[in-house]
Amino acid sequence: MGRTLAEKVWDQHVVRQGEGDEPDLLYIDLHLVHEVTSPQAFDGLRLHGRTLRRPDLTIATEDHNVPTLDILAPIADEVSATQVATLRRNVEEFGVRLFPMGDANQGIVHMIGPELGLTQPGTTVVCGDSHTSTHGAFGALAFGIGTSEVEHVMATQTLPLKPFRTMAIEIDGELRPGVTSKDVILKVISQIGTGGGAGYVLEYRGEAVRNMSMEARMTMCNMSIEAGGRAGMVAPDETTFAYLKGRPHAPQGAEWDAAVAAWRELRTDDDAVFDAVVHIDADSLTPFVTWGTNPGQGLPLGESVPDPATMDDDAAAATRKALAYMGLEPNTKLRDIAVDVVFLGSCTNARIEDFRAAADVLRGNRVADGVQMLVVPGSMAVKAQAEAEGLDQVFLDAGAEWRNAGCSMCLGMNPDQLAPGQRCASTSNRNFEGRQGRGGRTHLVSPLVAAATAVRGTLSSPEDLTPTVLTTV
Amino acid sequence: MEKFTTHTGIGTPLRVSNVDTDQIIPAVFLKRVTRTGFDDGLFASWRSDPSFVLNQEPYDRGSVLVAGSDFGTGSSREHAVWALMDYGFRVVVSSRFGEIFKGNSSKAGLLAATVDQSDVELLWKKIESRPGLELTVDLHSKTITAEDLVVPFSVDDYTRWRLLEGLDDIGLTLRHEEDITAYEQARPSHKPTTV
């Protein structure tokens, strides 16, 4: 019987097959490290007198604590400053390459792997961060791990793992203009639920996926964890190879040819069987936004806030709790929801294509009175590229703020946070209670919806603007 | 890691589903560089509500948390497990766990016991009918006993063995260091390096 893409990558990395109940021991090709989930792991190595086995397969950056306003000033928050200083000491001691704040290659950990060409098809990629699933867009098996596992990878370059099940997400047909991969993944999560992918590696397939850029695929894979999936993957193709060619850590010359030949084998065999299959009709999709406090609580922008009165007890209770936190009344049109803040950023949607699309909407428009818009590049490389294209000026002219690279308002850990009760249209990945700051209210949206919302002040898509702006991403 | 065989302690009912790790411990509490001291961040935003279960006697002294479905979804932060353990929990019961949370629990010595939702409901009723009731969680027999109620739980056999023996994963893996070296020697040369 044929094998799926995930199974092929798995098989290529088995160091030792588990016996009986034992897990397999899997080799890890790339370990990404940041300041939040690594200090206790480095301590563990020291405590046991262990070395970091492969510094040459490990790379570190600073992202979660980064103040995006003045990235070169010392971090004012003492605890944050200590965490960053600890990372710098640790990488020095263990010989790991670091991209610190101020470096031209600094950025969110899931931005820099692909940008540097380190994320490659058929590799295993881990990081102490659940959005490591992003890297699956290249046909890598990439997943988030906890700090104990970070220490395990540092010490052994392997992880003991039980095989995952596989789920095909078939996205058939063609996306309409103005509908992005962010809308697709929000639809997927609302359809299968935040636990629907638990235990599975999701493989995104179908015509719509084949037509997506690498950046669009990364957005989709990034949020696989929000459906409970351990990882998300897309089979590598010409789009993947074109993205990688010439990047600093991509293979060169004869090595490139050998690599591409190997990468071409990385696709699910025609006779392979998935453990589960989900179908999404791309043609009928419209912009999708969340109304609640988990990423599965989403609806098309044209609909209204759900009414608990129409639900069974359990669903009604969960919905009431979410609506109370969000400060929303049932049956309110989603388009009538007014926001205080718009956040364009995060490892989900802070790449150059996201910024181009948002800039196209904002060009010649103004951010609505009373709305604050933060535009935060995912990496300093994206920042430089956007500035070279003049996009920073488009955002500034519209009245938005143009920041330095970091996780920013995605997670309420650095100075960029919502105040209690503030409502935000955010291109990030999580609308959990307090995620963007205590008491903050989050609506997850695409970059196009974010930009249109900034202009109108209420949840909107570009087609709500006059004159209509339509962009294909 | 400390061995886990059986544990007896007060049951704390948490009648909430989809408790993500941002609720278990918000990001602002993740800045410490130590492995302990996270109990003040546990359920931080809910703890300011007097009606929250951890603000009620005797549930505040609980060590077996009985939660709704999809507990521990979201972020990979192992701090969520450390916060629960620092507070005093040794067992979390749910009908489904976030994958990474479940893995983190098994590494840190917190038992994540998967129980059918109908049995979770029975446990909630039992605990709430007699607040302060002690539950006994037996990893050998994979059962939770609450007075006359006995419900089975599942945990994967390898995790169970490691918890029963209190074994350190890294030590186990390093027994196979020769296999790792052999694998490394056969890796294709086009694989990336960070240097």
Side-chain angles (χ1 to χ4, degrees), chain A residues 15-16 21-23 25 27 29-30 36-37 39-40 43 50 56-59 65 79-80 82-83 86 97 117-118 120 123 128-130 144-149 151-152 155-158 160 162 194-195 198-199 228 230 249 251 255 258-259 262 294 318 411-413 430 432-435 438, chain B residues 15-18 20-23 26-28 30-35 44-46 69-70 73-79 81-82 96-101 103-104 106-108 156-158 160-161 168-174 176-177 179-180 182-184 187-195:
Chain A
V15 168
R16 181 179 173 276
D21 295 327
E22 265 187 312
L25 196 60
Y27 199 79
D29 289 318
L30 179 64
V36 183
T37 54
Q40 298 87 353
D43 273 350
R50 288 169 178 149
D56 61 328
L57 303 183
T58 312
I59 200 148
N65 283 279
V79 199
S80 282
T82 301
Q83 197 164 58
T86 304
R97 191 167 170 203
L118 284 166
Q120 294 179 14
T123 54
D129 191 287
S130 58
I145 57 178
T147 297
S148 293
E149 290 173 309
E151 183 182 338
H152 196 285
T156 70
Q157 204 58 33
T158 65
K162 292 271 178 86
T194 55
R230 197 61 211 265
H249 291 268
E255 292 274 291
N294 74 56
L411 89 163
M413 188 162 184
R430 289 190 173 135
F432 298 151
E433 291 181 23
R435 171 74 179 185
R438 193 165 177 164
Chain B
R15 283 183 175 265
V16 187
S17 59
N18 267 304
D20 55 76
T21 51
D22 277 81
Q23 303 320 309
V28 76
L30 309 185
K31 298 179 185 179
R32 283 196 196 97
V33 295
T34 57
R35 220 177 231 273
S45 51
W46 294 346
S69 62
D70 292 307
T73 54
S75 152
S76 67
R77 59 190 70 166
E78 195 163 318
H79 311 67
V81 173
W82 301 337
R96 190 161 62 184
F97 290 97
E99 293 280 311
I100 307 178
F101 176 86
N104 289 343
S106 81
K107 310 290 176 187
D156 88 81
D157 290 335
Y158 183 72
R160 176 168 169 267
W161 171 70
D168 160 38
D169 249 359
I170 298 178
L172 287 173
T173 295
L174 287 174
H176 306 296
E177 199 170 359
D179 293 327
I180 301 173
Y183 181 91
E184 284 176 330
R187 285 178 84 224
S189 59
H190 64 74
K191 292 273 185 178
T193 65
T194 57
V195 289

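Computed from heavy atoms alone, side chains included, the values below leave out hydrogens, waters and symmetry copies. Labels below follow one simple rule: chain letters A, B, ... track the order of the sequence lines, proteins then strands, and each chain is numbered from 1.
For chain B, the option among A:Asp43, A:Thr37, A:Asp129, A:Thr82 with the highest count of heavy-atom pairs below 4.5 Å is A:Asp129. Between chain A and the residues B:Trp161, B:Phe97, B:Tyr158, the most heavy-atom pairs under 4.5 angstrom are made by B:Tyr158. Most heavy-atom pairs under 4.5 Å with chain A: of the set B:Asn18, B:Thr194, B:Ile170, this distinction falls to B:Thr194. Counting heavy-atom pairs closer than 4.5 Å to chain A, the top-ranked of the candidates B:Asp22, B:Val195, B:Thr21 is B:Asp22. Note: A:Gly195 leads A:Gly195, A:Pro160, A:Gly144, A:Pro39 in heavy-atom pairs under 4.5 Å with chain B. Counting heavy-atom pairs closer than 4.5 Å to chain A, the top residue among B:Glu184, B:Lys107, B:Glu99, B:Glu177 is B:Glu184.
Between B:Gly74 and A:Ser130, the shortest heavy-atom distance links the atoms O-CB, 3.7 Å. The minimum heavy-atom distance between B:Asn104 and A:Gly146, with the atom names listed, is OD1-CA, 3.0 Å. Residue A:Pro251 comes nearest to B:His190 through the heavy atom pair CG-O, 3.8 Å, listed as atom of the first residue, atom of the second, then distance. In terms of heavy atoms, A:Gly412 sits closest to B:Ala27 at O-CB, 4.0 Å. Looking at every heavy atom in both residues, B:Asp156 comes nearest to A:Lys162 through OD1-NZ, 3.1 Å. Closest heavy-atom contact between B:Ile180 and A:Tyr27: CG2-CE1, 4.0 Å.
Contacts between A:Glu433 and chain B at a heavy-atom distance below 4.5 Å involve backbone atoms as well as side-chain atoms. At a 4.5 Å heavy-atom cutoff, the contact between A:Leu30 and chain B is made by side-chain atoms alone. Contact annotation for B:Val16: only side-chain heavy atoms (C-beta onward) come within less than 4.5 Å of a heavy atom of chain A. Looking at A:Arg97, the atoms closer than 4.5 Å to chain B (heavy atoms on both sides) all sit in the side chain, from C-beta outward. Both the backbone and the side chain of A:Asp29 have a heavy atom closer than 4.5 Å to some heavy atom of chain B. For A:Thr147, the parts lying under 4.5 angstrom from a heavy atom of chain B are both the backbone and the side chain. Only the backbone of B:Thr34 comes within less than 4.5 Å of a heavy atom in chain A; its side chain stays farther off. With a 4.5 angstrom heavy-atom cutoff, A:Ile145 touches chain B only via backbone atoms. For a residue to count as touching a neighbouring chain, one of its non-hydrogen atoms must lie under 4.5 Å from one of that chain's; by this rule A:Thr86 touches chain B with the side chain only. Heavy-atom distances place the backbone of B:Ala44, and not its side chain, under 4.5 Å from chain A.
B:Lys31 contributes a side-chain N or O that, together with a main-chain N or O of A:Met413, makes up a donor-acceptor pair within less than 3.5 Å. Without hydrogens or angle criteria, B:Gln23 side chain to A:Phe432 main chain gives no donor-acceptor distance under 3.5 Å.
Considering CD1 of B:Ile100 and CD of A:Glu149, their distance stands at 8.0 Å, rounded to 0.5 Å. Within the model, atoms CG of A:Leu25 and CG of B:Asp179 stand 8.0 Å from one another, a figure rounded to the nearest 0.5 Å. Atom CZ of A:Arg430 is separated from atom CG of B:Asp20 by 8.0 Å, given to the nearest 0.5 angstrom. Put simply, NE2 on B:His176 and CZ on A:Arg16 are 3.5 Å apart, with the number rounded to the nearest 0.5 Å.
Looking at A:Ser148 and B:Asp169, their side chains never bring a donor and an acceptor atom within 3.5 Å of each other.
Applying the salt bridge (Lys or Arg N to Asp or Glu O under 4.0 Å) criterion to B:Asp70, with sequence neighbours excluded, gives B:Arg96. Partners of A:Glu151 under the salt bridge (Lys or Arg N to Asp or Glu O under 4.0 Å) rule, at least two apart in sequence or in another chain, are B:Arg35.
Inter-residue side-chain proximity for B:Thr173 and A:Thr158 is flagged as met; some heavy-atom pair is nearer than 4.5 Å.
Salt-bridge formation is not detected for the pair A:Asp56/B:Arg187: no Lys NZ or Arg NE/NH1/NH2 atom is positioned less than 4.0 Å from an Asp or Glu carboxylate oxygen.
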